[in-house]
2 protein chains.
Amino acid sequence: MKETRLGDFEEVILLLTGILGESAYAFKLAEEFEDQTGRAVSIGAVHSTLTRLEDKGFLTSEMGQPSAARGGRRKRIYTITALGQRVLSDAREFKMALWRQYPAFEMSY
Amino acid sequence: MKETRLGDFEEVILLLTGILGESAYAFKLAEEFEDQTGRAVSIGAVHSTLTRLEDKGFLTSEMGQPSAARGGRRKRIYTITALGQRVLSDAREFKMALWRQYPAFEMSY
DNA sequence: TTTATTTGTTCTACAATTTGGAATAATATT
DNA sequence: AATATTATTCCAAATTGTAGAACAAATAAA
């Protein structure tokens with residue numbers, strides 16, 4: 001577990017993992033990413049990012065059970081850690097603090 | 001002007017440029033970054049990022065006048081473009097939409 | 001029961017971003 | 001003129017972002 005920063009694609013994937021909860025695994029995350037951004041993403045991109053997030057200690061993973069669906073092999077389920085939540089929360093606070101200072105975004109929080 | 005994405009350090013620098021207005025130049029941006037994040041940043045990092053943001057069309061720059069201060073040579077002043085503002089705004093909308101879906105961040109916007 | 005199809009992961013390579021530091025330049029003070 | 005200070009520009013290395021091929025396991029169809 002290396003101590004490092006959080007890239008921006010990493011942040012989105014981490015957030016989606018938190019949002020998806022129990023059903024957070026690579027394929028589903030890729031699908032969700034495309035739905036929410038409209039941007040295509042390769043499955044390889046998602047996998048290597050998940051691995052990096054796990055190395056950094058922001059996620060944990062374990063293999064789940066195979067599903068009844070055709071081809072439904074075992075998935076690797078990812079779970080956000082307390083550290084991961086903290087990092088997301090810090091990133092959010094920081095971003096909001098900046099936006100508040102930018103006149104072009106004058107608004108109430 | 002290449003059409004590309006916005007990295008996360010890039011986003012912060014772009015935002016700070018908008019916030020600083022007239023006085024947005026590399027040294028000041030580095031200083032501001034350190035004040036706001038508590039994280040040290042090298043001046044080279046800021047410069048290469050500014051150049052990339054300009055290549056992407058999110059910023060414009062021009063040389064200003066020398067200041068009266070000792071060693072106060074001419075600064076390259078950066079200004080955010082309409083495209084840059086739009087990109088920032090889009091990034092903000094997207095991020096807020098995600099946060100709203102994450103139960104750990106249950107709150108009113 | 002073999003073969004296809006589907007769902008998934010793991011591995012590998014390359015591109016873009018992030019980051020630090022050295023080299024250089026311009027200005028004011030001594 | 002020499003020195004100290006404020007800046008920029010240039011270059012190299014590490015980390016992130018991204019795509020795709022190779023492989024594995026499960027069900028459906030033949």
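Residue numbers start from 1 in every chain, and the chains themselves are labelled A, B, ... in the order their sequence lines are given, proteins ahead of strands.
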Distance, rounded to the nearest Å, where [X] contributes [atom1] and [N] contributes [atom2]:
{"X": "A:Arg5", "N": "D:dA14", "atom1": "CZ", "atom2": "C1'", "result": "12 Å"}
{"X": "A:Glu11", "N": "D:dT15", "atom1": "CD", "atom2": "P", "result": "20 Å"}
{"X": "A:Arg70", "N": "D:dT27", "atom1": "CZ", "atom2": "C1'", "result": "6 Å"}
{"X": "A:Leu6", "N": "D:dG17", "atom1": "CG", "atom2": "P", "result": "8 Å"}
{"X": "A:Glu10", "N": "D:dA14", "atom1": "CD", "atom2": "P", "result": "18 Å"}
{"X": "A:Asp55", "N": "D:dT16", "atom1": "CG", "atom2": "C1'", "result": "13 Å"}

For B:Leu14, the option from B:Thr49, B:Thr81, B:Leu50, B:Leu6 that meets side chain to side chain contact (heavy atoms under 4.5 Å, CB included):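 Checked B:Thr49, B:Thr81, B:Leu50, B:Leu6 against B:Leu14; only one passes side chain to side chain contact (heavy atoms under 4.5 Å, CB included): B:Leu6.
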Interatomic spacing from CD in B:Gln36 to CG in B:Leu15 - rounded to 0.5 Å: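 With rounding to 0.5 Å, CD (B:Gln36) is 9.0 Å from CG (B:Leu15).
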Atom pair OH (A:Tyr25) and CD1 (A:Ile77), whose distance is rounded to the nearest 0.5 Å: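 Output value for this atom pair is 7.5 Å.
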Overall bend - the helix from C:dT1-D:dA30 to C:dT30-D:dA1, comparing terminal axes fitted on five pairs, nearest 10 degrees: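 For the helix from C:dT1-D:dA30 to C:dT30-D:dA1, the axes at opposite ends meet at about 10°.
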Can you see which heavy atom on [X] is nearest to which on [Y], and at what distance?
{"X": "A:Met96", "Y": "B:Trp99", "answer": "CG-CZ3, 3.9 Å"}
{"X": "A:Ala30", "Y": "A:Val41", "answer": "O-CG1, 3.8 Å"}
{"X": "A:Val46", "Y": "A:Ala26", "answer": "CG1-O, 3.8 Å"}

Main-chain N/O of B:Phe33 paired with B:Thr37 side-chain donor or acceptor, under 3.5 Å: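 Such a contact is found between B:Thr37 side chain and B:Phe33 backbone.
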Side-chain (B:Glu93) to main-chain (B:Ser89) donor-acceptor, under 3.5 angstrom: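 Absent.
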Toward the 5' end of DNA chain D, by each residue's nearest nucleotide, B:Lys75 or A:Phe33: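 It is B:Lys75 whose nearest nucleotide is closer to the 5' end.
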Which residue lies more 5' along DNA chain D, comparing B:Met63 with A:Gly72 via nearest heavy atoms: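 Looking at the nearest nucleotide for each, B:Met63 comes out on the 5' side.
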Tabulate protein N/O versus nucleotide N/O from nucleotides 23-26 of chain C, keeping only pairs under 3.5 Å, one per line.
| from | atom 1 | to | atom 2 | distance (Å) |
| --- | --- | --- | --- | --- |
| C:dA25 | N3 | B:Arg73 | NH1 | 2.6 |

Cluster check A:Leu88, B:Leu98: I/L/V/M/F/W/Y, side chain < 4.5 angstrom: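 Yes; tracing contacts between hydrophobic side chains, which count when under 4.5 Å, links both residues.
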Path from B:Val12 to B:Phe94 over hydrophobic side-chain contacts below 4.5 Å: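 Per the 4.5 Å side-chain linkage, B:Val12 and B:Phe94 are co-clustered.
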Summary of salt bridge (Lys or Arg N to Asp or Glu O under 4.0 Å) pairs that have at least one residue in residues 8-33 of chain A, sequence neighbours excluded: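 Sorted pair list: A:Asp8-B:Arg5, A:Glu10-A:Lys56, A:Glu11-B:Lys95.
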DNA chain C: 5'-proximal contact among A:Asp8 and A:Ala69 (nearest heavy atom):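 So the residue in question is A:Ala69.
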Distance below 4.0 Å between B:Arg76 side-chain N/O and D:dT9 OP1 or OP2: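 Yes, B:Arg76 has a side-chain N/O under 4.0 Å of OP1/OP2 on D:dT9.
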Neighbours of DNA chain D within residues 14-32 of chain B, by heavy-atom distance under 4.0 Å: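 Per residue number, the list reads B:Tyr25, B:Ala26, B:Phe27.
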Selection: residues 34-53 of chain A, any non-hydrogen atom under 4.0 Å of DNA chain D: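 Hits under 4.0 Å, by residue number: A:Arg39, A:Val41, A:Ser42, A:Gly44, A:Ala45, A:Ser48, A:Thr49, A:Arg52.
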Student check: side-chain heavy atoms of A:Phe9 and A:Arg52 closer than 4.5 Å: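 No. Closest side-chain heavy atoms not under 4.5 Å.
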Test item: A:Ile13 and A:Tyr78 side chains (from C-beta on) under 4.5 Å apart, heavy atoms: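 Sidechains of A:Tyr78 and A:Ile13: no contact.
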Pair up each side-chain donor or acceptor in residues 68-75 of chain B with any protein partner under 3.5 Å, not counting sequence neighbours, and list the distances.
| from | atom 1 | to | atom 2 | distance (Å) |
| --- | --- | --- | --- | --- |
| B:Arg74 | NE | B:Gly64 | O | 3.0 |

